[in-house]
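A short write-up of the structure that comes next.
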Amino acid sequence: MTGGAKWTRLAAGVHVGELERATLLAVVGTEGVLVHGPAEPGDLVGLVDEGGVPVGVDRVTWATRPGLGAPLLVQEDDPVAGEAARVVASVFAVDLGGVYVEAVHPGRGATGADLVVSVPLADVVATGDLVRNPGPPGYGADCWPLEYPATLDMVLGAMTARTVVVPGRGPVVDREFVEDQRQEALAVAEQVDVLASRRVDPADAYAQGTWPYAEAELEQALPRALAQWVPRPPATHSH
(Lines give C-alpha, C1' and ligand atoms only; values in the text may rest on other atoms or scores of the structure.)
Protein backbone atom coordinates (compact mmCIF):
# COMPACT_ATOMS: atom_id res chain seq x y z
CA MET A 1 0.00 0.00 0.00
CA THR A 2 1.52 3.33 -1.03
CA GLY A 3 -0.99 5.75 0.43
CA GLY A 4 -0.10 5.00 4.02
CA ALA A 5 -2.28 4.21 6.96
CA LYS A 6 -4.77 6.68 8.37
CA TRP A 7 -2.68 7.96 11.27
CA THR A 8 -4.25 9.49 14.40
CA ARG A 9 -2.28 10.96 17.30
CA LEU A 10 -3.51 9.49 20.59
CA ALA A 11 -0.98 11.19 22.87
CA ALA A 12 2.49 12.69 22.68
CA GLY A 13 4.53 10.30 20.56
CA VAL A 14 1.72 7.73 20.34
CA HIS A 15 -0.06 7.16 17.04
CA VAL A 16 -2.57 4.64 15.72
CA GLY A 17 -2.60 3.75 12.03
CA GLU A 18 -5.72 2.21 10.52
CA LEU A 19 -5.49 -0.01 7.46
CA GLU A 20 -8.11 -2.28 5.93
CA ARG A 21 -6.05 -5.34 6.83
CA ALA A 22 -4.83 -4.28 10.28
CA THR A 23 -4.45 -1.54 12.89
CA LEU A 24 -0.95 -0.40 13.79
CA LEU A 25 0.61 1.35 16.77
CA ALA A 26 3.62 3.62 16.33
CA VAL A 27 5.43 5.02 19.36
CA VAL A 28 7.76 7.84 18.35
CA GLY A 29 10.44 9.14 20.68
CA THR A 30 13.42 11.40 20.16
CA GLU A 31 15.80 8.43 20.14
CA GLY A 32 13.76 5.68 18.51
CA VAL A 33 10.49 4.46 17.04
CA LEU A 34 8.60 1.25 17.78
CA VAL A 35 5.98 -0.05 15.36
CA HIS A 36 3.59 -2.77 16.50
CA GLY A 37 1.67 -4.72 13.88
CA PRO A 38 2.09 -5.96 10.29
CA ALA A 39 3.40 -2.69 8.84
CA GLU A 40 5.02 -2.23 5.45
CA PRO A 41 7.18 0.74 4.44
CA GLY A 42 4.38 2.48 2.52
CA ASP A 43 2.13 2.32 5.57
CA LEU A 44 4.28 4.91 7.36
CA VAL A 45 3.37 7.64 4.89
CA GLY A 46 1.67 10.37 6.90
CA LEU A 47 3.26 9.42 10.23
CA VAL A 48 5.04 12.43 11.76
CA ASP A 49 6.88 13.14 15.01
CA GLU A 50 6.05 15.86 17.53
CA GLY A 51 7.89 18.39 15.36
CA GLY A 52 5.88 17.46 12.29
CA VAL A 53 8.83 15.68 10.67
CA PRO A 54 7.89 12.55 8.67
CA VAL A 55 8.85 9.23 10.25
CA GLY A 56 10.29 6.78 7.76
CA VAL A 57 11.58 3.24 8.01
CA ASP A 58 15.10 4.55 8.65
CA ARG A 59 13.97 5.80 12.06
CA VAL A 60 12.27 2.57 13.20
CA THR A 61 14.41 0.96 15.91
CA TRP A 62 11.94 -1.82 16.82
CA ALA A 63 9.28 -3.60 14.80
CA THR A 64 7.18 -6.51 16.05
CA ARG A 65 6.60 -7.91 12.54
CA PRO A 66 9.08 -8.39 9.67
CA GLY A 67 7.41 -6.20 7.00
CA LEU A 68 9.43 -3.04 7.60
CA GLY A 69 12.87 -4.61 7.38
CA ALA A 70 13.62 -2.94 10.73
CA PRO A 71 15.18 -4.59 13.83
CA LEU A 72 12.72 -7.19 15.09
CA LEU A 73 11.37 -7.37 18.63
CA VAL A 74 9.50 -10.67 19.03
CA GLN A 75 8.54 -13.25 21.63
CA GLU A 76 10.86 -16.24 21.96
CA ASP A 77 8.35 -18.70 20.45
CA ASP A 78 7.77 -16.59 17.34
CA PRO A 79 8.79 -18.45 14.14
CA VAL A 80 11.03 -15.50 13.19
CA ALA A 81 12.80 -15.36 16.58
CA GLY A 82 16.03 -16.54 14.97
CA GLU A 83 16.10 -13.36 12.87
CA ALA A 84 15.19 -10.99 15.70
CA ALA A 85 17.41 -8.26 17.13
CA ARG A 86 15.75 -8.80 20.51
CA VAL A 87 13.85 -11.85 21.75
CA VAL A 88 11.37 -11.40 24.60
CA ALA A 89 10.61 -14.18 27.07
CA SER A 90 7.96 -12.29 29.01
CA VAL A 91 8.68 -8.54 29.35
CA PHE A 92 10.78 -5.94 27.51
CA ALA A 93 10.95 -2.24 28.34
CA VAL A 94 12.60 0.60 26.46
CA ASP A 95 12.82 4.40 26.65
CA LEU A 96 12.53 5.67 23.08
CA GLY A 97 13.50 9.15 24.17
CA GLY A 98 10.75 10.78 26.19
CA VAL A 99 8.37 7.87 25.67
CA TYR A 100 8.61 4.72 27.82
CA VAL A 101 7.24 1.55 26.23
CA GLU A 102 6.68 -2.00 27.48
CA ALA A 103 6.21 -5.14 25.40
CA VAL A 104 4.69 -8.07 27.30
CA HIS A 105 3.88 -11.66 26.37
CA PRO A 106 0.61 -12.27 28.28
CA GLY A 107 0.20 -15.89 27.20
CA ARG A 108 -0.99 -17.82 24.18
CA GLY A 109 -4.07 -16.68 22.31
CA ALA A 110 -4.12 -15.57 18.69
CA THR A 111 -0.73 -17.30 18.39
CA GLY A 112 1.75 -18.83 20.78
CA ALA A 113 3.90 -15.70 20.68
CA ASP A 114 1.56 -12.73 21.09
CA LEU A 115 3.04 -9.44 22.26
CA VAL A 116 1.06 -6.63 23.86
CA VAL A 117 2.65 -3.18 23.71
CA SER A 118 1.75 -0.54 26.28
CA VAL A 119 2.64 3.10 26.80
CA PRO A 120 1.90 3.50 30.52
CA LEU A 121 2.04 7.31 30.79
CA ALA A 122 -0.35 7.69 27.86
CA ASP A 123 -2.57 4.82 29.12
CA VAL A 124 -2.52 3.17 25.69
CA VAL A 125 -2.37 -0.59 25.13
CA ALA A 126 -2.00 -2.27 21.74
CA THR A 127 -3.17 -5.87 21.79
CA GLY A 128 -2.43 -7.08 18.28
CA ASP A 129 -4.84 -9.79 17.13
CA LEU A 130 -5.64 -10.83 20.70
CA VAL A 131 -8.46 -8.28 20.30
CA ARG A 132 -10.23 -7.30 17.09
CA ASN A 133 -13.00 -4.80 16.43
CA PRO A 134 -15.41 -6.27 15.60
CA GLY A 135 -14.75 -9.77 16.85
CA PRO A 136 -13.98 -12.53 16.86
CA PRO A 137 -10.42 -12.16 18.11
CA GLY A 138 -7.54 -13.95 16.39
CA TYR A 139 -9.03 -17.42 15.94
CA GLY A 140 -6.75 -18.33 13.06
CA ALA A 141 -4.52 -21.23 12.14
CA ASP A 142 -2.14 -20.69 15.09
CA CYS A 143 -4.66 -19.90 17.84
CA TRP A 144 -4.95 -21.34 21.36
CA PRO A 145 -8.68 -21.05 22.15
CA LEU A 146 -8.58 -22.83 25.51
CA GLU A 147 -5.89 -20.47 26.83
CA TYR A 148 -7.40 -17.32 25.33
CA PRO A 149 -9.51 -16.26 28.35
CA ALA A 150 -6.56 -16.41 30.78
CA THR A 151 -4.38 -14.52 28.31
CA LEU A 152 -6.99 -11.76 27.99
CA ASP A 153 -7.18 -11.64 31.80
CA MET A 154 -3.47 -10.77 31.78
CA VAL A 155 -4.09 -8.09 29.14
CA LEU A 156 -6.91 -6.61 31.21
CA GLY A 157 -4.56 -6.50 34.18
CA ALA A 158 -2.47 -3.90 32.32
CA MET A 159 -5.47 -1.61 31.77
CA THR A 160 -7.29 1.04 33.73
CA ALA A 161 -10.89 2.12 33.27
CA ARG A 162 -9.64 4.85 30.91
CA THR A 163 -7.19 2.87 28.78
CA VAL A 164 -7.31 3.43 25.04
CA VAL A 165 -6.99 0.01 23.42
CA VAL A 166 -5.54 -0.42 19.94
CA PRO A 167 -6.85 -3.75 18.56
CA GLY A 168 -5.23 -5.82 15.86
CA ARG A 169 -7.94 -4.75 13.46
CA GLY A 170 -10.54 -1.99 13.48
CA PRO A 171 -10.97 1.29 15.38
CA VAL A 172 -9.67 1.79 18.92
CA VAL A 173 -11.78 0.38 21.75
CA ASP A 174 -11.93 0.59 25.53
CA ARG A 175 -11.50 -1.78 28.45
CA GLU A 176 -15.18 -2.72 28.45
CA PHE A 177 -14.87 -3.96 24.86
CA VAL A 178 -11.95 -6.18 25.86
CA GLU A 179 -13.89 -7.48 28.86
CA ASP A 180 -16.78 -8.42 26.55
CA GLN A 181 -14.44 -10.17 24.11
CA ARG A 182 -12.85 -12.02 27.01
CA GLN A 183 -16.30 -13.28 28.04
CA GLU A 184 -16.92 -14.47 24.50
CA ALA A 185 -13.55 -16.26 24.46
CA LEU A 186 -14.51 -17.90 27.75
CA ALA A 187 -17.82 -19.04 26.27
CA VAL A 188 -15.93 -20.69 23.41
CA ALA A 189 -13.49 -22.40 25.78
CA GLU A 190 -16.28 -23.66 28.03
CA GLN A 191 -18.27 -25.06 25.11
CA VAL A 192 -15.17 -26.85 23.84
CA ASP A 193 -14.61 -28.34 27.29
CA VAL A 194 -18.16 -29.72 27.36
CA LEU A 195 -18.05 -31.10 23.82
CA ALA A 196 -14.56 -32.56 24.12
CA SER A 197 -15.51 -34.36 27.32
CA ARG A 198 -18.34 -35.95 25.34
CA ARG A 199 -15.90 -36.86 22.55
CA VAL A 200 -17.94 -35.01 19.96
CA ASP A 201 -16.59 -35.27 16.43
CA PRO A 202 -14.96 -31.96 15.38
CA ALA A 203 -17.16 -31.90 12.27
CA ASP A 204 -20.24 -31.82 14.52
CA ALA A 205 -18.91 -29.45 17.19
CA TYR A 206 -20.47 -26.23 15.95
CA ALA A 207 -23.90 -27.78 15.47
CA GLN A 208 -23.89 -29.28 18.97
CA GLY A 209 -22.74 -26.17 20.83
CA THR A 210 -23.89 -22.64 21.59
CA TRP A 211 -21.38 -20.10 20.31
CA PRO A 212 -20.90 -16.33 20.36
CA TYR A 213 -19.64 -16.30 16.76
CA ALA A 214 -20.74 -17.60 13.39
CA GLU A 215 -19.52 -21.00 12.23
CA ALA A 216 -17.22 -19.53 9.58
CA GLU A 217 -15.49 -17.42 12.22
CA LEU A 218 -14.66 -20.51 14.30
CA GLU A 219 -13.76 -22.75 11.37
CA GLN A 220 -10.08 -22.98 12.37
CA ALA A 221 -10.46 -22.48 16.10
CA LEU A 222 -12.74 -25.38 16.97
CA PRO A 223 -10.63 -28.22 15.51
CA ARG A 224 -7.54 -26.73 17.15
CA ALA A 225 -9.27 -26.35 20.51
CA LEU A 226 -10.56 -29.91 20.47
CA ALA A 227 -7.09 -31.18 19.57
CA GLN A 228 -5.52 -29.12 22.37
CA TRP A 229 -8.04 -30.21 25.00
CA VAL A 230 -6.69 -32.28 27.88
CA PRO A 231 -9.04 -33.96 30.39
CA ARG A 232 -8.89 -32.44 33.84
CA PRO A 233 -7.93 -34.80 36.63
CA PRO A 234 -10.80 -35.80 38.90
CA ALA A 235 -11.26 -33.70 42.01
CA THR A 236 -9.85 -35.14 45.21
CA HIS A 237 -11.50 -34.72 48.59
CA SER A 238 -9.74 -34.78 51.90
CA HIS A 239 -11.42 -36.32 54.89
Side-chain angles (χ1 to χ4, degrees), residues 22-23 37 75-79 89-91 104-118 125-238:
T23 301
Q75 204 272 339
E76 62 184 2
D77 293 325
D78 195 298
S90 56
V91 181
V104 177
H105 173 57
R108 299 188 294 193
T111 72
D114 296 298
L115 281 180
V116 169
V117 172
S118 65
V125 173
T127 65
D129 283 337
L130 284 170
V131 176
R132 287 178 174 176
N133 178 23
Y139 281 139
D142 301 318
C143 68
W144 294 84
L146 299 178
E147 299 181 31
Y148 226 124
T151 296
L152 287 178
D153 282 338
M154 291 293 291
V155 175
L156 286 164
M159 296 180 186
T160 71
R162 297 172 299 280
T163 298
V164 176
V165 183
V166 180
R169 189 177 300 168
V172 298
V173 296
D174 56 14
R175 180 191 171 97
E176 184 178 358
F177 183 95
V178 181
E179 290 173 341
D180 289 344
Q181 205 151 89
R182 184 264 178 195
Q183 287 303 111
E184 291 166 354
L186 179 62
V188 170
E190 289 178 339
Q191 281 291 289
V192 169
D193 188 55
V194 170
L195 297 176
S197 66
R198 296 176 183 167
R199 302 188 183 280
V200 170
D201 188 297
D204 300 326
Y206 191 86
Q208 295 197 30
T210 302
W211 310 99
Y213 302 120
E215 184 173 8
E217 295 171 326
L218 295 174
E219 183 177 7
Q220 294 176 305
L222 292 186
R224 279 185 61 81
L226 289 164
Q228 292 162 1
W229 182 81
V230 176
R232 285 175 289 191
T236 58
H237 303 278
S238 58

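Positions are given from 1, in the same order as the sequence printed here. As the structure is a prediction and not an experimental result, all values here were calculated from the model.
- Tyr148 places no side-chain N or O within donor-acceptor distance of the main-chain N or O of Pro137, the cut-off being under 3.5 Å.
- In terms of the salt bridge (charged side-chain N to carboxylate O under 4.0 Å, His left out) criterion, residue partners of Arg182 (sequence neighbours excluded) are, by chain and number, Asp153.
- Minimum interatomic distance between Thr23 and Gly170 (heavy atoms only, all atoms of both residues): OG1-O, 2.8 Å.
- Here the closest non-hydrogen pair linking Gly107 and Thr151 is C-OG1, 3.3 Å.
- For Ala150, there are no side chain to side chain contact (heavy atoms under 4.5 Å, CB included) partners at least two apart in sequence or on another chain.
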request  = Walk me through it: do Leu152 and Leu130 pass the test side chain to side chain contact (heavy atoms under 4.5 Å, CB included)?
outcome  = CA-CA 7 Å; Leu152 287 178; Leu130 284 170; 4.2 Å; yes

Check the pair Asp180 / Gln183 against side chain to side chain contact (heavy atoms under 4.5 Å, CB included), numbers first and verdict last. CA-CA 5 Å; Asp180 289 344; Gln183 287 303 111; 5.5 Å; no

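- Scored by the side chain to side chain donor-acceptor pair (under 3.5 Å) test, Gln75 finds no partners at all (sequence neighbours excluded).
- In this view, Glu76 and Val87, Ala89 satisfy the side chain to side chain contact (heavy atoms under 4.5 Å, CB included) rule, not counting sequence neighbours.
- The ring-ring contact (aromatic ring centres under 6.0 Å, His included) pairs that include a residue from residues 163-198 number zero, where partners must be two or more places apart or lie in different chains.
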For a quick test of your reading: what N or O donor-acceptor pairs under 3.5 Å do the side chains of residues 207-217 make, sequence neighbours left out?
from   : atom 1 : to     : atom 2 : distance (Å)
Trp211 : NE1    : Tyr206 : O      : 3.0
Tyr213 : OH     : Glu184 : OE1    : 2.4
Glu217 : OE1    : Ala214 : N      : 3.1

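- With sequence neighbours excluded, the residues that form a side chain to side chain donor-acceptor pair (under 3.5 Å) with Arg175 are Glu179.
- Remark: side-chain polar atoms of Ser90 are not paired, donor with acceptor, to backbone N or O of His105 under 3.5 angstrom.
- Contacts classified as side chain to side chain donor-acceptor pair (under 3.5 Å) and involving residues 126-145 (residues at least two apart or in different chains) are given here: Asp129-Arg132.
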For a quick test of your reading: what N or O donor-acceptor pairs under 3.5 Å do the side chains of residues 160-167 make, sequence neighbours left out?
from   : atom 1 : to     : atom 2 : distance (Å)
Thr160 : OG1    : Asp123 : OD2    : 2.6
Thr160 : OG1    : Arg162 : N      : 3.1
Thr160 : OG1    : Thr163 : N      : 3.4
Thr160 : OG1    : Thr163 : OG1    : 3.3
Thr163 : OG1    : Asp123 : OD1    : 2.6
Thr163 : OG1    : Thr160 : N      : 2.7
Thr163 : OG1    : Thr160 : O      : 3.4

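- Listed by first and then second residue, the side chain to side chain donor-acceptor pair (under 3.5 Å) pairs involving residues 218-229 are Asp193-Trp229 (not counting sequence neighbours).
- Annotation: side chain to side chain donor-acceptor pair (under 3.5 Å) contacts of Asp78 (sequence neighbours excluded): none.
- Closest heavy-atom contact between Ala113 and Asp77: CB-C, 3.8 Å.
- Shortest non-hydrogen contact noted between Pro145 and Ala221 is CG-O, 3.6 Å.
- Contacts of Ala22 classified as side chain to side chain contact (heavy atoms under 4.5 Å, CB included), with partners at least two apart in sequence or in another chain: Pro38.
- Rounded to the nearest 0.5 angstrom, Asp114 CG and Cys143 SG are separated by 10.0 Å.
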- [ ] With side chain to side chain contact (heavy atoms under 4.5 Å, CB included) as the test, would you mind laying out the steps for Val104 and Leu115 before giving the verdict?
- [x] CA-CA 5 Å; Val104 177; Leu115 281 180; over 6 Å; no

